[in-house]
Amino acid sequence: VLIVQISDLHVNTVDGVVRRFVNANETLAEAVTAINAMTARPDVVLATGDLTDHGTADEYALLAEILSALDVPIFLLPGNHDDVATLTASLGAAHRYLPETGPLSYVLEDHPVRIVALDTTDPAKHSGVFPADREAWLEATLSASDRPTLLAMHHPPFDSGIWWMDAITIEERDRLEAVIRRHPQVRQVISGHVHRATYSAFGETLVSICPSTAHQTWVDLDDQSHPLMTTEPPALQLHAWTGSRFVSNTRPLTLTGATFDLVSAMSNWDRAQEVIRRGPPFPKGGVFG
Ligand SMILES: [Fe+2]
């Protein structure tokens with residue numbers, strides 16, 4: 001199963017910090033085009049929060065309009081810039097899994113990997129939360145099946161090293177980590193929020209952060225650094241389940257920089273392909289010199 005993760009879309013209809021230097025609506029449309037064009041077909045798209053910049057009904061209407069061009073099923077999670085009540089009222093009916101009220105947590109059972117989506121937002125906070133009722137929900141949900149599981153959320157449960165971002169990650173991360181440890185079928189935890197590809201260990205598994213489809217956070221591990229956003233290439237992540245593990249790739253929405261097709265440097269691509277596809281051993285002095 002191939003899962004595409006997009007995050008921190010920040011769709012907006014009014015002026016704000018984001019709009020001053022990036023067109024997030026346009027970059028989301030580029031993400032939709034990129035996903036639709038993938039010949040290795042994704043099975044599902046997960047959008048891990050900050051779907052809109054201000055959480056208004058107008059912004060969710062625009063989000064729905066842009067996403068309507070997507071030809072792969074998509075499931076949504078809220079972020080700190082979203083408004084769960086408005087999101088659910090605007091879009092909830094479109095997806096049978098989404099609860100109509102309360103936290104927007106749910107389970108997708110349709111794939112070889114179980115996908116558990118956990119709402120980590122609190123309407124009053126930019127930081128993430130994992131209160132007792134969501135802990136009980138996650139514990140019960142993970143206890144219900146030993147199938148390999150991917151856990152998706154907006155806030156990462158670890159410090160990225162970017163000090164001003166780390167002020168707004170999940171408060172009760174130790175309790176979340178204890179739940180994950182009790183359920184080793186959770187094979188990867190995916191998140192967003194930081195606007196940069198970052199990884200860490202979590203329980204017995206891996207936790208990853210997806211870049212934004214719009215603007216990125218500059219990585220500066222100095223705790224006196226300025227909060228700096230960049231327009232380095234927007235990207236998505238591909239999480240491929242091989243049957244025993246996830247393999248995750250970060251991919252800019254479009255090809256960037258110079259490209260060089262190695263086939264143009266080969267005299268016999270048919271022969272070279274045969275050698276490459278046969279697999280190791282792969283002697284030096286052969287098709288790649
Ligand atoms: Fe964001």
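Counting begins at 1 with the first residue of the sequence. Whatever order the structure lists ligands and atoms in, that order sets their numbers, starting from 1. Atoms considered below: every heavy atom in the structure, side chains included; atoms not considered: hydrogens, waters and symmetry mates.
- Between Y106 and F75, the ring-plane angle classifies as tilted under the 30° and 60° cut-offs.
- Ion pairing of D8 with R196 is absent here, as no side-chain N (NZ or NE/NH1/NH2) approaches a carboxylate O to less than 4.0 Å.
- A donor atom on one side chain and an acceptor atom on the other are not found under 3.5 Å apart for D222 and S225.
- Angle subtended at the Fe ion (ligand 1) by D50 OD2 and D8 OD1: 90°, rounded to 10 degrees.
- Nearest N, O or S atom of H195 to the Fe ion (ligand 1): atom NE2.
- With 3.5 Å as the limit, one finds a donor-acceptor pair spanning the side chains of H155 and T120.
- At a threshold of 2.8 Å, the Fe ion (ligand 1) has no backbone or side-chain N, O or S atom of H81 nearer than that distance.
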